[in-house]
Amino acid sequence: MTSSACLFCRIAQHDVPAAIVLEEPALVAFKDIHPQAPTHLVIIPREHLARVSDASTGHAALLGGLLLAANRLAQQLQLQDGYRLVINCGPQAGQTVDHLHLHLLGGRAMRWPPG
Ligand code: AMP
Ligand code: ZN
């Protein structure tokens, strides 16, 4: 299912322009428009799920596919010194786009705990 009202569904459908770096049958990755690190990609499933908390056991392959795509992209981008994967879930976590997405951040030292 996709939603014409959803920004990330529209990016996946090429209705809204984005710097897409990876397109696969089940997922799309593109550059974050407000990068928080030298490398900042957003990896989304083509299937519209508002939040990771909406995933069920039937979404196991979809969820694993996001992580494996992140690893492949990190290897391609030579982030061998490390990278951070983030999923914000809900308003208190700072989720601003209600389409499940995995942030891939790299190219600088990261702090912990995150803000
Ligand atoms: P989150 O705050 O976890 O929901 O992440 C949403 C991310 O999407 C933010 O880092 C935004 O900068 C990014 N974003 C919003 N609109 C666009 C867009 N049109 N193209 C690329 N990234 C976007
Ligand atoms: Zn969507």
Side-chain angles (χ1 to χ4, degrees):
M1 194 211 305
T2 60
S3 166
S4 60
C6 170
L7 172 63
F8 285 179
C9 283
R10 295 188 68 195
I11 286 176
Q13 293 160 4
H14 295 204
D15 283 344
V16 168
I20 292 175
V21 297
L22 178 69
E23 289 208 77
E24 293 187 353
L27 61 84
V28 176
F30 51 90
K31 293 183 182 178
D32 197 291
I33 204 165
H34 296 301
Q36 301 301 314
T39 295
H40 186 174
L41 301 180
V42 178
I43 307 168
I44 65 168
R46 289 190 187 273
E47 179 177 342
H48 179 88
L49 282 178
R51 298 180 179 185
V52 69
S53 57
D54 291 335
S56 58
T57 53
H59 294 108
L62 176 155
L63 294 173
L66 295 178
L67 293 173
L68 293 171
N71 283 350
R72 285 198 306 279
L73 287 162
Q75 192 170 20
Q76 286 167 21
L77 294 164
Q78 299 183 307
L79 298 177
Q80 62 273 359
D81 289 340
Y83 49 96
R84 182 168 289 176
L85 303 176
V86 174
I87 295 176
N88 295 319
C89 181
Q92 197 162 35
Q95 184 176 2
T96 57
V97 178
D98 285 336
H99 179 126
L100 167 62
H101 51 282
L102 177 64
H103 295 263
L104 167 60
L105 299 135
R108 66 167 171 83
M110 303 283 164
R111 296 203 187 94
W112 193 263

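For ligands, and for the atoms within them, numbers begin at 1 and follow the listed sequence.
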### Query
For Q80, does the CD atom sit with more than 12 other heavy atoms under 6.0 Å from it, leaving out its own atoms?
yes
### Protein contact to atom 8 (O) of ligand 1 [nearest heavy atom, distance to 0.1 Å]
F8 CZ, 3.4 Å
### Message
In this structure, does ligand 1 have an atom that sits under 4.0 Å from one of the heavy atoms of A18?
### Response
no
### Query
Within a strict 4.5 Å, meaning less than it, do heavy atoms of the L41 and L22 side chains meet?
no
### Query
Any donor and acceptor pair, going by atom type alone, linking the side chain of Q95 with main-chain N or O of A50 inside 3.5 Å?
yes
### Task
Inspect the surroundings of CD in E24 and state if more than 12 heavy atoms from other residues, nucleotides or ligands are less than 6.0 Å away.
yes
### Query
Does R46 reach the main-chain N or O of P25 with its side chain, forming a donor-acceptor pair under 3.5 Å?
yes
### Task
To the nearest 10 degrees, could you say what angle the Zn ion (ligand 2) makes with SG of C9 and ND1 of H99?
110°
#### Entry: Closest protein heavy atom (residue, atom, distance) for atom 17 (C) of ligand 1
I33 CG2, 3.6 Å
### Task
Check whether any heavy atom of H101 sits under 4.0 Å from an atom of ligand 1.
yes
### Task
Carefully, step by step, assess L100 and L63 under the rule side-chain contact (heavy atoms from CB on, under 4.5 Å).
CA-CA 10 Å; L100 167 62; L63 294 173; 3.9 Å; yes
### Task
Look only at interatomic distance and state if G94 has a nitrogen or oxygen under 3.5 Å from any nitrogen or oxygen of ligand 1.
yes
### Query
Between N88, D32, L105, V97, which one has a non-hydrogen atom sitting closest to atom 10 (O) of ligand 1?
D32
### Query
What's the ND1-the Zn ion (ligand 2)-SG angle here (H48, C6), rounded to 10 degrees?
110°
## Note on the structure
Min over H99, Q95, H103 of heavy-atom distance to atom 3 (O) of ligand 1 lands on H103
### Query
So, is T96 polar-close to ligand 1, with some N/O to N/O distance under 3.5 Å?
yes
### Query
Can you check side-chain contact (heavy atoms from CB on, under 4.5 Å) on L77 and Y83, steps first, answer last?
CA-CA 10 Å; L77 294 164; Y83 49 96; over 6 Å; no
### Task
Give the residue and atom name of whichever protein heavy atom lies nearest to atom 16 (N) of ligand 1, and the separation in Å to one decimal.
L7 CD2, 3.4 Å
### Query
Short question: side chain of H101, backbone of A29 - any donor-acceptor pair under 3.5 Å?
no
### Task
Measure the acute angle between the ring planes of H103 and H40, then classify it against the limits of 30° and 60° as parallel, tilted or perpendicular.
tilted
#### Entry: Numbered atoms of ligand 1 (with element) below 4.0 Å of F30, judged on heavy atoms
21 (C), 22 (N)
### Query
What atoms of ligand 1 come closer than 4.0 angstrom to any heavy atom of H34?
12 (O)
